Every structure is written in structure tokens, then in C-alpha cells.
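I have placed the structure first, in the form of C-alpha cells, so that the comments after it can refer back to it.
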Amino acid sequence: MQAKTSPVYQIFEQQHQDAKSIFLVLGKQIKSKKAIELRAKLEFLEVFTDLMGKVHFEDPDQGSDLFLPFKALKKALRKTHHLKLVERNLRAREEEVEHGYGSFAEYLLEQKKEIKKEAFDLVVGSSLKSWDDFQQKAQQSSRGIKPLVINTAINQLVQEELEFLHHDLKAPLQSQGFRDLFESLRRIIMLENLLIQLGFNPIFVTAIHEEIGQLKENLKPWYSNHLAFQALSGFLAEKDHISKKYMEWIKELKEEKKSLSSEIEKQAFDLLKKVLV
């Protein structure tokens with residue numbers, strides 16, 4: 001008698017189908033909106049493979065290794081998303097001060113062409129067979145898994161993220177620390193939502209779940225500021241002479257980052273005290 005597929009696979013299958021459809025659209029033209037959508041789908045699919053890796057800890061072929069063919073694509077799509085955030089920051093700045101930053105806009109446009117080409121090459125250079133193989137292997141690794149095993153594995157992954165934050169996040173947080181915090185919160189939220197979708201009790205009470213989500217949302221302005229500061233710094237590093245408007249902007253970005261960092265750092269450590277009790 002053939003073992004039944006776990007209900008977690010049904011959630012994977014829908015996300016996989018959605019991702020594959022977006023992938024086909026990007027095979028015609030790389031558009032930022034669709035690239036961002038595909039990245040979000042890939043993030044879930046990667047979490048699913050991490051979950052399978054926890055269940056099949058003795059066999060990497062049934063776990064996290066399933067996602068290896070898509071890692072380069074996910075990285076390229078992340079660059080597309082990051083550049084989109086920098087462009088949005090530039091537009092907001094131009095509206096605020098009512099003058100343009102033409103040479104920086106041209107610099108971003110050149111980067112955009114390179115990043116889109118990288119993503120496009122990865123899309124057209126891969127085949128649908130990799131998606132079909134991924135689905136078949138995921139289905140196989142999901143067979144016969146008891147609900148309690150899935151519940152335990154999700155709880156273990158969340159606990160690992162919390163332990164990582166507890167041991168690796170030290171005040172004052174550096175830029176890498178903020179990025180790690182954002183990624184850990186994203187994974188924790190995804191895992192707990194998956195737990196709820198599967199009909200299990202949530203790990204955190206509603207108030208804590210909402211606080212985790214709010215902290216992740218509060219990190220978005222920090223991330224946007226960080227990316228804009230990083231891109232503008234790279235642009236200005238190539239200049240022999242820096243005009244006053246650019247000096248003023250990068251100074252304001254630096255001050256804003258300092259303010260955002262201080263507030264988020266306090267929220268993060270307050271939250272960790274609650275969830276690690």
C-alpha cells in the first residue's frame with residue numbers, strides 16, 4: 001500500500017504551481033513586480049525544504065538539498081528587489097526636495113540592466129524539468145510523514161532561529177545583525193503560519209505573534225534606508241567631486257539609519273526577552 005502524502009505537501013504544491021507560472025512569465029521578460037513575487041514563492045519553497053531536511057535529517061537528498069538548483073535564481077531576484085527599493089527611495093527623495101539626481105538615476109539604470117540580465121539568463125538557461133523534478137522529489141519526501149513529526153520539526157526550526165538570535169545578536173547591532181534579524185523573523189512568521197495552516201496550535205500567543213510581525217514591518221524602512229545608503233555610497237565612491245545635494249542626502253540617510261537602528265534594536269531585545277523566557 002502506497003504511503004499517503006503529508007498535508008504539508010498540498011501547501012507546497014500550490015506554492016510550487018504559482019512559482020512555476022511566474023517563472024514562465026519571467027522567461028519572456030524580467031519585470032520587477034513579477035520577480036519580487038517569485039522571490040516570495042521561492043522563500044516559502046526553501047523553508048519547505050528546510051522542514052523536510054529536519055524530518056529526513058539522515059538524508060540530505062530529501063531535505064534542504066532539494067532547493068539547491070534554485071539558490072542562484074533566488075539570489076538574483078533578491079538583487080532585483082533591492083534595486084527596486086533603492087529606486088523607490090530615490091523617487092521619494094526627489095519629490096521631497098523637488099530636484100533631481102540624474103547621474104545617480106543613470107547609475108542605477110546601468111545596474112538595473114546588469115541585474116535583470118543576470119536574472120533573465122538564469123531563467124532562460126534553466127528548464128521546466130528542474131521544476132518538475134523538484135515537485136516529484138518534494139512529493140516523495142513528504143510521503144508517510146505523521147502530523148506529529150511535522151509539528152515537532154516546525155517547532156524545532158523556530159527554536160533554532162530564536163537560539164540563533166539569542167546567541168548571535170549583540171548590542172549594538174551592526175548592519176549584518178539587522179539583516180539577520182529580518183531574515184529570522186521572516187522565517188519564524190512563515191513557519192508559524194504554516195503550523196496554523198496545518199491545523200496545529202500556534203507557538204506564540206496572539207500578542208507575541210503580532211509583535212514579531214510588527215518588528216519585521218518596522219525593519220522594512222531600515223532595510224530600505226540601508227540599501228539606499230549602500231547604493232549611494234558606491235556611486236559617490238566613483239566621483240572625484242561630490243556636489244552639495246549628494247552630500248546632504250547621504251548625511252540625512254546616515255542620520256536616519258542611526259535613528260531607525262536605535263529604535264529597532266530596543267524593540268528586538270525587548271521581544272527576545274519575552275520569547276526566550
Side-chain angles (χ1 to χ4, degrees), residues 6-16 18-19 36-55 63-64 67 74 78 81 85 142 145-171 173 175-226 259-277:
S6 168
V8 75
Y9 173 74
Q10 297 171 11
I11 299 174
F12 164 88
E13 188 175 33
Q14 183 60 60
Q15 295 290 322
H16 179 275
D18 292 345
I36 293 168
E37 288 177 11
L38 181 55
R39 181 198 173 191
K41 297 295 180 182
L42 287 175
E43 284 174 343
F44 173 84
L45 299 181
E46 186 173 28
V47 165
F48 170 85
T49 61
D50 290 341
L51 178 58
M52 290 300 101
K54 184 61 66 176
V55 172
S64 55
F67 192 75
K74 181 192 165 194
R78 181 178 62 197
H81 190 185
L85 293 174
S142 303
I145 303 175
K146 295 181 179 179
L148 180 60
V149 174
I150 291 292
N151 189 349
T152 301
I154 292 175
N155 275 269
Q156 287 175 341
L157 287 173
V158 170
Q159 189 58 38
E160 285 175 6
E161 291 296 332
L162 292 175
E163 289 175 358
F164 162 74
L165 292 175
H166 176 62
H167 292 295
D168 287 46
L169 288 189
K170 305 297 181 185
L173 287 180
S175 291
Q176 184 61 49
F178 284 100
R179 292 195 293 269
D180 290 343
L181 175 62
F182 183 84
E183 288 303 311
S184 284
L185 293 176
R186 178 185 61 77
R187 283 172 57 82
I188 288 170
I189 291 170
M190 205 178 300
L191 285 163
E192 188 172 43
N193 286 341
L194 178 59
L195 199 64
I196 295 168
Q197 279 183 275
L198 292 168
F200 297 117
N201 291 327
I203 298 170
F204 305 108
V205 297
T206 302
I208 294 295
H209 183 79
E210 291 176 353
E211 197 169 334
I212 292 171
Q214 188 58 57
L215 178 56
K216 176 177 171 287
E217 287 302 306
N218 291 347
L219 272 159
K220 289 182 178 180
W222 179 92
Y223 222 131
S224 178
N225 168 283
H226 169 73
S259 175
L260 290 170
S261 296
S262 177
E263 183 177 344
I264 291 170
E265 184 177 291
K266 182 179 183 303
Q267 292 174 355
F269 286 111
D270 284 348
L271 175 61
L272 284 176
K273 287 178 184 176
K274 296 176 183 177
V275 298
L276 291 170
V277 172

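All values reported here derive from a predicted model rather than from experimental measurement.
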Distance in Å, I36 CD1 paired with K41 NZ, rounded so as to fall on 0.5 Å steps = 14.0 Å
To the nearest 0.5 Å, atom CD1 of I154 lies from atom CG of L51 at 5.5 Å
Spatial distance of atom CG (L42) from atom NE2 (H16) [nearest 0.5 Å] | 9.5 Å
Heavy atoms of K216 and L185 approach each other most closely as N-CD1, 3.9 Å
Output the distance between atom CD1 (I188) and atom CG (L162), rounded to the nearest 0.5 Å.
-> 4.5 Å
L191 and D50, any side-chain heavy atoms less than 4.5 Å apart = no
Below 4.5 Å, heavy atoms only, C-beta onward: do F12 and S142 meet side chain to side chain?
-> no
For the student: nearest non-hydrogen atoms of L195 and N201, plus distance | CD2-O, 3.3 Å
Between the side chains of D18 and Q14, is a donor N or O closer than 3.5 angstrom to an acceptor N or O?
-> yes
Does a side-chain heavy-atom distance below 4.5 Å link L85 with Y223?
-> no
pair K274-E211: side-chain heavy atoms closer than 4.5 Å = yes
Closest approach of A268 and L215, non-hydrogen atoms and distance?
-> CA-CD2, 3.7 Å
I264 vs F182 side-chain heavy atoms within contact, under 4.5 Å | no
Donor-acceptor contact present, side-chain S224 to main-chain K220, <3.5 Å = no
Please step through side-chain contact (heavy atoms from CB on, under 4.5 Å) for the pair E160 and K54, ending with a clear verdict.
-> CA-CA 11 Å; E160 285 175 6; K54 184 61 66 176; 2.2 Å; yes
Step by step, would you call I11 with F48 a side-chain contact (heavy atoms from CB on, under 4.5 Å)?
-> CA-CA 9 Å; I11 299 174; F48 170 85; over 6 Å; no
Can you tell me how far the CG atom of L169 sits from the CZ atom of F178, to the nearest 0.5 Å?
-> 9.0 Å
Testing E43, E192, E161 for salt bridge (charged side-chain N to carboxylate O under 4.0 Å, His left out) with R187, which one passes?
-> E161
All heavy atoms of L38 vs all of A19, minimum pair found to be CD1-O, 3.4 Å
Carefully, step by step, assess F44 and N193 under the rule side-chain contact (heavy atoms from CB on, under 4.5 Å).
-> CA-CA 11 Å; F44 173 84; N193 286 341; over 6 Å; no
Write down the atom of S175, the atom of W222, and the distance for their closest heavy-atom approach.
-> O-CH2, 3.6 Å
So do the side chains of E46 and T49 get within less than 4.5 Å of each other, counting heavy atoms only?
-> yes
Note, V8 side chain near M52 side chain (heavy atom, < 4.5 Å) | yes
Are K74 and F67 close enough, and set up right, to give a side-chain contact (heavy atoms from CB on, under 4.5 Å), and what steps lead you there?
-> CA-CA 10 Å; K74 181 192 165 194; F67 192 75; 4.1 Å; yes
Report the distance from atom CD1 of I203 to atom CG of N151, rounding to the nearest 0.5 Å.
-> 8.0 Å
Could you tell me whether the side chain of L198 reaches within less than 4.5 Å of the side chain of Q10, counting heavy atoms only?
-> no
